[in-house]
Amino acid sequence: MPASDAARQLHARCPVVDLHAHPSLKVALWGSKFAERHRTGGAWNPFATRVDLPKLREGGVKALLSAVYLPERGLLDDCWLMKTASWLAPRRIKRFFDGDPFEVTLALFQEFEGEVARSLVNGQEVARVVKSVTELDAALAQGKIAILHSLEGAHSLGEDPARVRPLFDRGVCLLTLGHFYENAFVAPVDAIPPAQKLAGCFGRPKDLTKGLTPQGEQLVEQCVELGLLVDLTHCTPPARRRAIEIVNRRRPLVFSHVGVATMNPAPMNPTREEVRAVADSGGVIGIILMNFWLTTAELKQGLHLVVETARHLKDQGGIETVALGTDFDGFTDPPDDVKDMADLPNITDALLRGGFTETEIERILGGNALRALRQGWGRL
Ligand SMILES: [Zn+2]
C-alpha cells in the first residue's frame, strides 16, 4: 500500500537519517554508479542495489551513514562462495585480501568519496561527503544529502587501536567494533541467518563468552576521547557490557542496525537493560530493515514489525532512543513492504497509523540520530 499524502508530507519535512547502509560495497564490488538508478533486486541477490542517489532522493533521505566494510579474510576459508569469487575474479575482489587491511580500507573510503563527488544531477551537486558536524549541518542547511563515513568491523585496523586516529582524521563518524569473525579487539555474535548457512558458508561456531580484548578496551577509550561513535552491533553480550562500562555515559552509545531482544531474543539484539544503557548515554538504536532480526516468525511483510520494534524501544529507553539503520545493500533480506530507500515513506505512514505523533516520528526518522551525532562526533 503506498504511503498516504499526509505521511508523504510529514516524511518530506523530517530530517531522515539512516544510521547504517552499504552503498560503497556495491561500488567496490561491481563498480556500480552511485548516481544511476539500479534494479532493487530480490533478497540475497548480490547485484541488488537498494541505495543509490535517485532512491535516496525519492526516499527523502537527508543524511546517510555509509558503512565501509572490508570483506574479512576469514571468509576465504569459511565461505566457498567468496573463495570461488576470489579465484575467478577479478582484481576487484582479490584486492580486498591483499596487503595491509587498513590501507585497503582507506582506499575503499577514497573510492566511494570519488564516486559521490562524480554523482552530479544535471551538473548539480545533490549529495556530498561530510567530515564533521559543522559540514553536516552546512549540507543539511543547503539541502544536500549528507554522506557520512562509518566503518563496519575493527578488523580493518589490523591489531593497532591507535589507527582509529587516522580514521577520525579521515572524517569517519562511527566505528562498528565487531562483524562476522573475531578480530583483535572483540568477539562477535552470530549474524548469519540459516538460509545463508545452508549454502555452505559461515559454519564456524561463535563463543558468546568472549568479550573485548585489552586492545579492544583501548580502542573504545580512544573512540571516546577522539569523538567517534562506538557502535555495539555484532558484539557479544560481555563485550557490550564492558564497552558500556568504559564509555560510562561520556558519549552516546549506538546500536546502528538491530532489532530488540524483547521481540526476538537473538544475541544480536539489545536487551531491555542495554536499551536503557544506550538511553542513559544519550545514544540511539537503529531499527534494521530485516525481519529475521525483528521477529522469530517467518514473515514477508515487515512494516508492522518496524512499528512494533519502535514501540518496544520507546517503552524501554524513551522515544529519544529510537532511530533507523536499514542495512540496505549489506546482503540482507529486507521486508517486501520496504525494500529500498525509495520505500522509506512507507515507514512514516506505518508509524502514523500505529499511533506515533508527528513529533515522535520526526525523532525516529532522524532527529534522534542527528542529536547523537552532534553529541558524539568530534572532540569534546
Ligand atoms: Zn552489520
Side-chain angles (χ1 to χ4, degrees), residues 12-21 23-24 34 51 53 56-57 59-68 105-106 108-121 124-152 156 162-176 219-231 247 249-254 256 278 281-284 286 320-321 323-325 341 362-380:
R13 289 198 302 274
C14 287
V16 181
V17 179
D18 183 352
L19 286 172
H20 188 84
S24 66
F34 185 56
V51 190
L53 204 45
L56 285 167
R57 297 176 83 197
V61 175
K62 307 292 196 300
L64 167 69
L65 275 70
S66 158
V68 156
T105 302
L106 293 181
L108 293 176
F109 281 115
Q110 187 67 38
E111 178 184 64
F112 187 59
E113 232 172 271
E115 184 57 30
V116 174
R118 281 190 295 278
S119 297
L120 304 179
V121 174
Q124 299 289 312
E125 179 195 53
V126 295
R128 78 166 71 123
V129 172
V130 298
K131 299 189 176 178
S132 65
V133 168
T134 311
E135 291 184 14
L136 166 63
D137 285 335
L140 294 174
Q142 292 164 30
K144 311 290 181 194
I145 297 174
I147 308 284
L148 291 71
H149 288 314
S150 64
L151 179 63
E152 183 157 35
S156 278
R163 280 173 153 178
V164 74
R165 181 179 290 272
L167 273 188
F168 173 77
D169 292 340
R170 188 92 191 53
V172 175
C173 70
L174 172 144
L175 173 61
T176 309
L219 180 60
V220 171
E221 182 57 36
Q222 294 227 18
C223 286
V224 171
E225 285 170 21
L226 284 168
L228 267 97
L229 288 162
V230 174
D231 178 7
V247 173
R249 301 181 202 175
R250 288 176 294 163
R251 295 277 195 177
L253 279 163
V254 177
S256 69
V278 170
S281 75
V284 280
E320 298 80 7
T321 314
L324 298 177
M341 285 294 179
E362 185 271 336
R363 288 180 167 173
I364 295 169
L365 292 182
N368 292 332
L370 288 179
R371 184 207 66 235
L373 281 161
R374 289 177 181 134
Q375 285 175 12
W377 186 19
R379 289 167 208 271
L380 286 172

(request) Give a yes or no on whether Gln142 atom CD has more than 12 heavy-atom contacts from other residues, nucleotides or ligands under 6.0 Å away. (result) yes
(message) As an exercise, state the distance from CG of Leu365 to CZ of Arg13, rounded to the nearest 0.5 Å.
(response) 11.0 Å
(request) Kindly say whether Val284 contributes a backbone atom to a donor-acceptor pair with the side chain of Arg371 at under 3.5 angstrom? (result) no
(request) Starting at CD of Glu113, measure out to CZ of Arg170 and round the result to the nearest 0.5 Å. (result) 4.5 Å
(request) Would you please test Asp18 and Met341 for side-chain contact (heavy atoms from CB on, under 4.5 Å) and show each step? (result) CA-CA 9 Å; Asp18 183 352; Met341 285 294 179; 2.9 Å; yes
(request) Take Arg379 and Phe168 through the side-chain contact (heavy atoms from CB on, under 4.5 Å) test and state the conclusion after the steps. (result) CA-CA 10 Å; Arg379 289 167 208 271; Phe168 173 77; 3.6 Å; yes
(request) Of all the heavy-atom pairs spanning Leu65 and Leu19, show the shortest one and how long it is. (result) CB-O, 3.3 Å
(request) Report the distance from atom CZ of Arg374 to atom CG of Asp137, rounding to the nearest 0.5 Å. (result) 4.5 Å
(request) Measure the OG1-CG distance between Thr105 and Leu167 for me, rounded to the nearest 0.5 Å. (result) 8.0 Å
(request) Could you tell me whether Arg250 and Glu221 have a side-chain N and a carboxylate O separated by less than 4.0 Å? (result) yes
(request) Report the distance from atom CG of Leu229 to atom CG of Leu174, rounding to the nearest 0.5 Å. (result) 5.5 Å
(request) Locate the shortest heavy-atom distance separating Val68 from Leu151; write the atom from each residue and the value. (result) O-CD1, 3.4 Å
(message) How close do Asn368 and Glu320 get, counting heavy atoms only, and between which atoms?
(response) CG-O, 3.1 Å
(request) Show your working on side-chain contact (heavy atoms from CB on, under 4.5 Å) between Ile145 and Arg57 and close with a plain yes or no. (result) CA-CA 8 Å; Ile145 297 174; Arg57 297 176 83 197; 3.8 Å; yes
(message) On a heavy-atom basis, which atom in Val121 and which in Val126 lie closest, and how many Å separate them?
(response) CG2-CG2, 3.8 Å
(message) Ignoring hydrogens, what is the shortest heavy-atom contact between His149 and Phe109? Give both atom names and the distance.
(response) ND1-CD2, 3.4 Å
(request) Check the pair Thr176, Ser150 against side-chain contact (heavy atoms from CB on, under 4.5 Å), reporting the backbone distance first and the verdict last. (result) CA-CA 8 Å; Thr176 309; Ser150 64; 5.8 Å; no
(request) Indicate the atoms forming the closest heavy-atom contact of Pro252 with Gly282, along with that distance. (result) CB-O, 3.5 Å
(request) Please round to the nearest 0.5 Å and tell me the distance separating atom CG of Leu148 and atom CG of Leu136. (result) 5.5 Å
